[in-house]
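So the structure is just underneath, and the comments pick up after that.
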Amino acid sequence: MPQIVFLPHHEVCPEGAVIEANKGESICEAALRHGIKIEHACEMSCACTTCHVVVREGSASLNEADELEEDMLDKAWGLEAESRLSCQAIVDDEDLVVEIPKYTINHASEKH
């Protein structure tokens, strides 16, 4: 079972976290299942960028981003080459190291 290491984030997981993920689930689903309350304002439908993450290690093992995800990512705060929407990034067999950016484009949190 692959592990996802979440680097410390001042609000979502101040100490960081290491969780186990199921192959075939999204990074967002795995995080939520383990109590990491990553923002997901569109209910994981690839219609916003609030679940934007940067995959620091293991990105090659994830599914490829489709055109819709790429278009949405263009609107994300702090976009990097390894940026993904966590609701669309599907875990495979490899471990991941993930950073949740400090900000999103949302002006108000949905408190998911």
Side-chain angles (χ1 to χ4, degrees):
M1 192 172 265
Q3 290 188 328
I4 303 175
V5 175
F6 284 91
L7 299 176
H9 180 276
H10 68 288
E11 290 178 2
V12 179
C13 54
E15 305 295 320
V18 178
I19 65 170
E20 289 193 350
N22 296 315
K23 183 178 176 178
E25 75 180 330
S26 71
I27 292 172
C28 190
E29 290 168 328
L32 294 170
R33 190 167 48 80
H34 287 279
I36 299 171
K37 296 179 179 165
I38 191 165
E39 186 72 28
H40 56 289
C42 72
E43 298 298 327
M44 297 185 267
S45 65
C46 197
C48 73
T49 63
T50 58
C51 73
H52 168 226
V53 296
V54 180
V55 182
R56 297 291 180 202
E57 294 179 21
S59 63
S61 70
L62 297 170
N63 62 314
E64 287 190 38
D66 64 17
E67 189 175 338
L68 178 58
E69 182 183 357
E70 293 286 349
D71 288 346
M72 292 307 302
L73 279 168
D74 286 341
K75 302 171 187 175
W77 182 90
L79 184 66
E80 295 188 24
E82 300 301 328
S83 287
R84 292 295 303 268
L85 297 181
S86 67
C87 70
Q88 301 299 303
I90 305 301
V91 177
D92 199 9
D93 290 327
E94 291 187 35
D95 293 345
L96 304 170
V97 176
V98 173
E99 181 176 3
I100 301 168
K102 187 174 181 178
Y103 302 109
T104 72
I105 61 169
N106 260 15
H107 294 287
S109 175
E110 300 291 329
K111 297 296 182 197
H112 287 275

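Between the side chain of Asn63 and the main chain of Gln88, a donor-acceptor pair closer than 3.5 Å is present. Judged by distance alone, with hydrogens and angles left aside, the side-chain atoms of Thr50 form a donor-acceptor pair with the main-chain N or O of Ala41 at under 3.5 Å. In this structure, the side chain of Thr49 does not engage the main chain of Met72 through any donor-acceptor pair within 3.5 Å. Checking side-chain atoms of His9 against main-chain N and O of Pro101 turns up a donor-acceptor pair under 3.5 Å. No donor-acceptor pair under 3.5 Å is formed between the side chain of Glu99 and the backbone N or O of Arg56.
Separating the CD1 atom in Ile27 from the CG atom in Leu62 is a distance of 5.0 Å, to the nearest 0.5 Å. Here the SG atom belonging to Cys28 is positioned 9.5 Å from the CD atom belonging to Glu43, to the nearest 0.5 angstrom. Rounding to the nearest 0.5 angstrom, the gap separating the NE2 atom in His34 from the CD1 atom in Ile4 is 8.0 Å. Atom CE of residue Met1 and atom CD of residue Gln3 lie 10.5 Å apart, to the nearest 0.5 angstrom.
Taking a 4.5 Å side-chain heavy-atom cut-off between Ile, Leu, Val, Met, Phe, Trp and Tyr, the cluster of Val5 extends to Leu7, Val18, Val97.
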Could you go through Ile38 and Ser86, starting from their C-alpha distance and side-chain angles, then the distance that decides it, and tell me whether this counts as side-chain contact (heavy atoms from CB on, under 4.5 Å)?
CA-CA 9 Å; Ile38 191 165; Ser86 67; 3.6 Å; yes
Evaluation steps, side-chain contact (heavy atoms from CB on, under 4.5 Å), between Val91 and Lys23
CA-CA 5 Å; Val91 177; Lys23 183 178 176 178; 5.6 Å; no
Trace of the side-chain contact (heavy atoms from CB on, under 4.5 Å) decision for Leu32 with His40:
CA-CA 10 Å; Leu32 294 170; His40 56 289; 3.6 Å; yes
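The shortest non-hydrogen separation linking Pro8 to Pro14 is CB-O, 3.4 Å. Between Lys102 and Trp77, the shortest heavy-atom distance links the atoms N-CZ3, 4.1 Å. Pairing each heavy atom of Cys46 with each of Cys87, the nearest pair is N-SG, 4.0 Å.
Within the 4.5 Å cutoff, side-chain heavy atoms of Ser61 are placed close to those of Leu96.
For Glu29, the side chain to side chain contact (heavy atoms under 4.5 Å, CB included) partners are Glu25, Ser26, Met44, not counting sequence neighbours.
With Ser83 as the fixed residue, the side-chain contact (heavy atoms from CB on, under 4.5 Å) test singles out one of Leu73, Val53, Val55: Leu73.
If you chain together hydrophobic residues whose side chains sit under 4.5 Å apart, Ile100 and Leu85 never meet in one group.
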